[in-house]
Amino acid sequence: MAADDTTTPDESAERTDFVRERVQQDLATDRFGGRVQTRFPPEPNGYLHVGHAKAIHLDFELAREFGGTCILRFDDTNPDTEDTSFVEGILGDLNWLGYEPDDVVYASDYFEQLYAWAELLVTDGKAYVDDQDLDTIRAQRGGYGKPGVESPCRDRPPEENLDLLRRMRAGEFDDGAMVLRAKIDMQHENMQLRDPVMYRIRRGHHHRTRDAWVIYPTYDWAHGQSDAIEGTTHSLCTLEFDSHRPLYDWFLEQLPLPNDRPYQTEFARLELTHTITSKRKLAQLVADGVVDGWDDPRLPTLRALRRRGYPASAIREFCAYIGVARTNSRHQIELLESFVRTELNRTAQRRMAVLRPLRLSITNWPTDDAGEPIVEQFDIVNNPENADDGTRSVAFTGELWIEQDDFMVDPPKKFFRLSPGREVRLRGAYFVTCTGFETDDDGNVTRVLAEYDPATKGGSAPDGRKVKSTMHWVSAHHAVSATVALYERLFTAEVPGEATGDPFDDLDRSSREVLVDCKVEAALGDTTPGEVVQFERLGYFALDPRDPMWFHRTVGLRDEWANIQKRQG
RNA sequence: UCCGGGGUCGUUCAAUGGUAGGACAGCGGUUUUUGGUGCCGUUUAUAGGGGUUCGAGUCCUCUCCCCGGAACCA
């Protein structure tokens with residue numbers, strides 16, 4: 001299932017939670033004859049996001065751990081909002097996350113069985129057709145602490161209900177004209193049990209069944225029954241379905257099931273700081289053009305995280321780490337990012353890239369017989385964390401690009417980088433000492449002058465003298481131009497909408513900064529689409545899957561200097 | 001208002017009647033040809049009251065706070 005499994009058996013054996021304990025107990029009591037089957041049931045009306053990743057991880061890993069199966073079931077009971085493009089998107093995203101369902105099914109596969117069972121409930125006097133309008137039915141449902149009142153249709157004889165239901169299916173009535181309701185208890189303290197709707201009339205085009213049906217089952221009527229039909233044992237869902245559980249059980253108790261009766265267990269959904277996971281709001285961001293599309297790297301969708309360079313394994317590790325519980329919680333986005341950094345630190349190749357270029361001229365750089373500046377090649381380590389990644393050759397000359405942030409005329413305390421009179425190391429090349437700088441009419445530094453020490457070739461001094469800083473650089477003659485997108489949090493507030501109730505009030509519309517004409521080392525021209533590399537001292541960057549010279553910042557490196565600056569104000 | 005679910009460091013997850021621990025974040029140090037990584041150290045928590053017990057985060061009880069539930073959404 002997981003493409004690469006980095007957890008040791010020991011760790012996974014130690015890891016336990018209330019869901020796994022229930023499964024253990026079911027195994028011990030032989031509740032399902034030793035079977036464990038879970039399902040991930042997305043509605044195909046949007047794309048998967050990190051919140052889904054938690055559920056997917058639970059469903060699939062649980063099945064794997066207990067030698068069971070996990071299937072993907074599209075909960076396609078509402079033709080108005082669903083689409084095949086989402087089906088395909090979800091399939092692809094799930095696959096990228098590293099999971100292969102044991103089967104792919106659709107709730108719509110069960111429409112015929114569901115309908116037959118509905119007729120059975122009608123015949124048994126446990127369901128009835130209600131032809132009142134929506135507002136009336138809603139008003140009759142009562143409220144918290146207020147009992148409901150029974151529908152005048154409640155005592156319609158079964159034969160009449162059956163006739164009406166058949167004619168509903170046959171398309172004799174208009175959309176919304178009537179519904180089929182379960183006959184449970186209008187006084188129940190749990191509102192879900194006050195005669196819930198099972199079927200509604202809707203003449204939308206269903207993405208799979210086309211126009212075969214004009215009545216569609218509601219979530220409650222479809223979900224548990226679908227679980228039972230396909231042999232799911234452990235039906236895992238999020239906390240908001242807690243009050244639906246008695247209804248889930250009630251329906252299943254009334255029916256002749258082909259399998260053992262599954263049961264529902266709820267857990268807390270994943271929330272992240274600075275993030276929204278509401279599908280509706282996400283869709284609005286896309287529709288309003290606040291972001292570029294469903295895969296805009298600032299979004300928490302799986303396709304966005306992928307494009308941004310988040311490794312699927314890091315997301316899986318994160319999910320394993322946070323575990324599963326019933327406590328509502330909101331994890332800091334920094335925790336997810338730390339898993340991303342840990343993974344990328346291990347795997348990403350190091351490269352040098354100058355995002356905001358400043359010219360550095362080495363005034364004592366030698367020329368050859370023809371008077372041309374000489375070019376040196378240095379072998380630089382690709383990843384100090386992994387010797388097998390070897391080295392690459394990088395060209396060095398007397399005209400270089402360095403980062404604007406790496407030079408200051410009047411450096412404050414604790415600034416270790418280049419400034420007049422100071423010596424620094426150019427990574428893998430030479431020590432250089434700043435001898436001067438040039439400015440334009442506005443006083444902006446346009447060029448830094450320095451002298452190099454030929455004895456420090458390769459980056460170390462034979463006399464053992466130290467420098468406080470090592471800087472990245474790119475040879476001006478060999479540099480390649482690239483576009484780099486930097487991303488800040490899409491929402492400035494930890495909890496978007498907490499202050500005003502509207503998350504969009506916390507939107508940072510300048511959360512993307514696109515830098516053009518960045519100067520990067522030639523080897524970056526060989527980066528493969530989607531590959532993530534580390535720009536030394538800056539962060540991890542993913543090459544866009546379509547644009548060959550466009551990098552997205554996955555996540556920055558931890559930045560001690562930024563912390564110091566913040567403290568100094 | 002009624003029903004249900006929750007409340008442990010700043011955040012989050014553990015501790016299953018027996019020393020409240022880890023991670024992230026922070027801070028300090030150390031190593032370092034990335035102010036990265038690694039390593040070491042360190043600050044901070046059981047919502048409140050009563051009870052049971054030799055012993056309570058854990059069991060009982062009252063109070064407080066947070067979340068969810070009244071679509072022909074899922």
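Just so we're on the same page: letters track the sequence lines, and every chain starts at 1.
- The six-membered or imidazole ring of A:H223 lies away from that of A:Y110, with a centre-to-centre distance of 6.0 Å or more.
- Contact check of residues 41-51 of chain A against RNA chain B (heavy atom, cut-off under 4.0 Å) returns A:E43.
- Residues in residues 180-190 of chain A take part in these salt bridge (Lys or Arg N to Asp or Glu O under 4.0 Å) pairs, two or more places apart or across chains: A:D130-A:R181, A:D155-A:K183.
- Partners of A:E240 under the side chain to side chain donor-acceptor pair (under 3.5 Å) rule, at least two apart in sequence or in another chain, are A:T238, A:R269.
- Taking 4.0 angstrom as the limit, A:R558 places none of its side-chain polar atoms (N or O) nearer than this to OP1 or OP2 of B:G35.
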Report the secondary structure of RNA chain B in dot-bracket form, marking unpaired bases with a dot and bases paired to a different strand with |, and treating Watson-Crick or G-U pairs with both distances under 3.5 Å as paired.
.((((((..((((....[..)))).(((((.......)))))....(((((..]....))))))))))).....

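- In the set B:C73, B:C24, B:A70, the nucleotide with an atom closest to the side chain of A:R202 is B:C73.
- Screening A:R154, A:R167, A:R156 for a salt bridge (Lys or Arg N to Asp or Glu O under 4.0 Å) involving A:D131 leaves a single residue, A:R156.
- RNA chain B lies under 4.0 Å from at least one heavy atom of each of the following residues of residues 71-82 of chain A: A:D75, A:T77, A:N78.
- To the nearest whole angstrom, the two C1' atoms, one in B:G18 and one in B:U58, are 11 Å apart.
- Judged by ring centres under 5.5 Å apart and planes tilted less than 30 degrees, A:F416 stacks against the six-membered base ring of B:G35.
- A:Q132 comes within 4.0 angstrom of a base, heavy atoms only.
- Using a 4.0 Å heavy-atom distance criterion, A:F18 is classed as making no nucleic acid contact.
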Protein-to-nucleotide contact annotation, 5' to 3' order, nucleotides 6-11 of chain B [B base; S sugar-phosphate only; - none; under 4.0 Å, heavy atom]:
SS--BS

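- The neighbour count for A:E172 CD, taken as heavy atoms of other residues, nucleotides or ligands under 6.0 Å away, is above 12.
- Look at A:R200 and you'll find a side-chain N or O under 4.0 angstrom from OP1 or OP2 of B:A74.
- Each of A:F241 and A:G143 was matched to the nucleotide of RNA chain B holding its nearest heavy atom; the match closer to the 5' end belongs to A:G143.
- Two rings, from A:Y248 and A:F241, have their centers 6.0 Å or more apart.
- Using a 90° window around 0 for the glycosidic torsion, B:A71 falls inside it and is classed as syn.
- As judged by a 4.0 angstrom heavy-atom cut-off over every strand, A:H188 is placed among residues making no nucleic acid contact.
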